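Worksheet for the structure shown next.
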Amino acid sequence: MRLFAAVLPPEEAIVELAARVDALHALPGADGLRWTERAGWHFTLAFFGEVAEEVLPGLHTRLARAAHRHEPHTLRLAGGGRFADRVVWVGVDGDSAALKGLADSAEAGARRAGVPMDRHRPYHPHLTIARNRGATSLAPYVAELADFAGRVWPVRELSLVRSHPPAPGVAGRQPRYEVVAAWPLGR
């Protein structure tokens, strides 16, 4: 199974962001971007890749421990940025240090459970909203997101999410995400 740990924003936060993203579709070059589907909006904490079935019980145990070690905290979707001219993302305000701590614990737990992890990279919380398919400048999209600030919402759980890749050869299809387990924070 292709898995990752994530924090999922609540529906109210998604609706607020969707209104701003809908406005971005009117910018020149928007048709040159591949927009992510709202159903897939999340903050990846740690990407595990393909995980063998026999590793799952240990991964569940370790992620449950990670969740219980971290207290609920608050965030809000805010601002935006880009990774070169490849990806447009929305960031967070609030207790991002707590989110980073949760990400570090999820990664460490996966390693202890026997999931082979890639080289550790510094955690940069972001929610991907579009990917560039060509040479569209992403600067105007980032500028339009600069003043975006959604409502504050509580992060109450850590989710283990399965990614179902799109069928090969079907243009425009995106992965489908399925929450396979979730653990409350701080209990």
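This is a predicted model, so every value here is computed, not measured.
- If you chain together hydrophobic residues whose side chains sit under 4.5 Å apart, L56 and M117 fall into the same group.
- Summarising the geometry of A106 relative to A66, their closest heavy-atom pair is N-CB, 4.3 Å, with the distance given to 0.1 Å.
- F4 and A6 make their closest contact through CE1-CB, 3.7 Å (heavy atoms, listed as atom of the first residue, atom of the second, distance).
- For H42 and Y177, the gap between ring centers is short of 6.0 Å.
- Of all non-hydrogen atoms in L59 and L3, the two that sit nearest each other are CD2-CD1, 4.2 Å.
- Counting heavy atoms from C-beta outward, H164 and P175 have side chains that stay 4.5 Å or more apart.
- Counting only N and O atoms by type, the side chains of W153 and T74 include no donor and acceptor under 3.5 Å apart.
- Residues V180 and V55 share a single hydrophobic cluster, defined by chaining ILVMFWY side chains whose heavy atoms lie under 4.5 Å apart.
- Judged purely by atom type and a 3.5 angstrom limit, Y141 has no side-chain atom pairing as donor or acceptor with the backbone of H25.
- A salt bridge does not link E16 with R20: every distance from a Lys NZ or Arg NE/NH1/NH2 to an Asp or Glu carboxylate oxygen is 4.0 Å or more.
- The structure places NZ of K100 at 10.5 Å from NE2 of H70, a figure rounded to the nearest 0.5 Å.
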Residues 79-94, side-chain donor-acceptor partners within the protein, below 3.5 Å, at least two apart:
unit_1	atom_1	unit_2	atom_2	d
R82	NH1	D85	OD1	2.9
D85	OD1	L138	N	3.1
D93	OD2	R76	NH2	3.3

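- Taking 4.0 Å as the cut-off between side-chain N and carboxylate O, D22 and R38 count as a salt-bridged pair.
- Proximity of L158 to V7: side-chain heavy atoms (C-beta onward) are nowhere separated by under 4.5 Å.
- In this structure, CG on L33 lies 9.0 Å from CD1 on I129, to the nearest 0.5 angstrom.
- Cluster membership check: V152 does not share its hydrophobic cluster with L127, using side-chain heavy-atom separations under 4.5 Å among Ile, Leu, Val, Met, Phe, Trp and Tyr.
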Query raised in the report: Step by step, would you call M1 with E53 a side-chain contact (heavy atoms from CB on, under 4.5 Å)?
Result: CA-CA 8 Å; M1 279 186 245; E53 190 77 32; 3.6 Å; yes
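- Nearest approach of A5 to F48, heavy atoms of both residues: N-CE1, 3.6 Å.
- To the nearest 0.5 Å, atom OG of residue S159 and atom CD of residue E178 are 12.0 Å apart.
- Cluster annotation: F148 and W41 are assigned to the same hydrophobic cluster (Ile/Leu/Val/Met/Phe/Trp/Tyr, side-chain heavy-atom contacts under 4.5 Å, transitive).
- Side-chain heavy atoms closer than 4.5 Å link hydrophobic residues (I, L, V, M, F, W, Y) into clusters, and following such links, even through other members, never connects V161 to I14.
- Between the CG atom of L45 and the CD atom of E107 there is a distance of 10.5 Å, given to the nearest 0.5 Å.
- When every heavy atom of H60 is checked against every heavy atom of L160, the shortest pair comes out as NE2-CD2, 3.7 Å.
- For the pair R133 (side chain) and D31 (backbone), a donor-acceptor distance under 3.5 Å is present.
- The CG atom of L27 sits 11.0 Å away from the OG1 atom of T136 when rounded to the nearest 0.5 Å.
- Ring to ring, W183 and H68 are not that close: their centroids are 6.0 angstrom or more apart.
- Rounded to the nearest 0.5 Å, atoms CZ (R151) and CG (L75) are 14.5 Å apart.
- Between L24 and E144, the shortest heavy-atom contact is CD2-CB, 3.4 Å.
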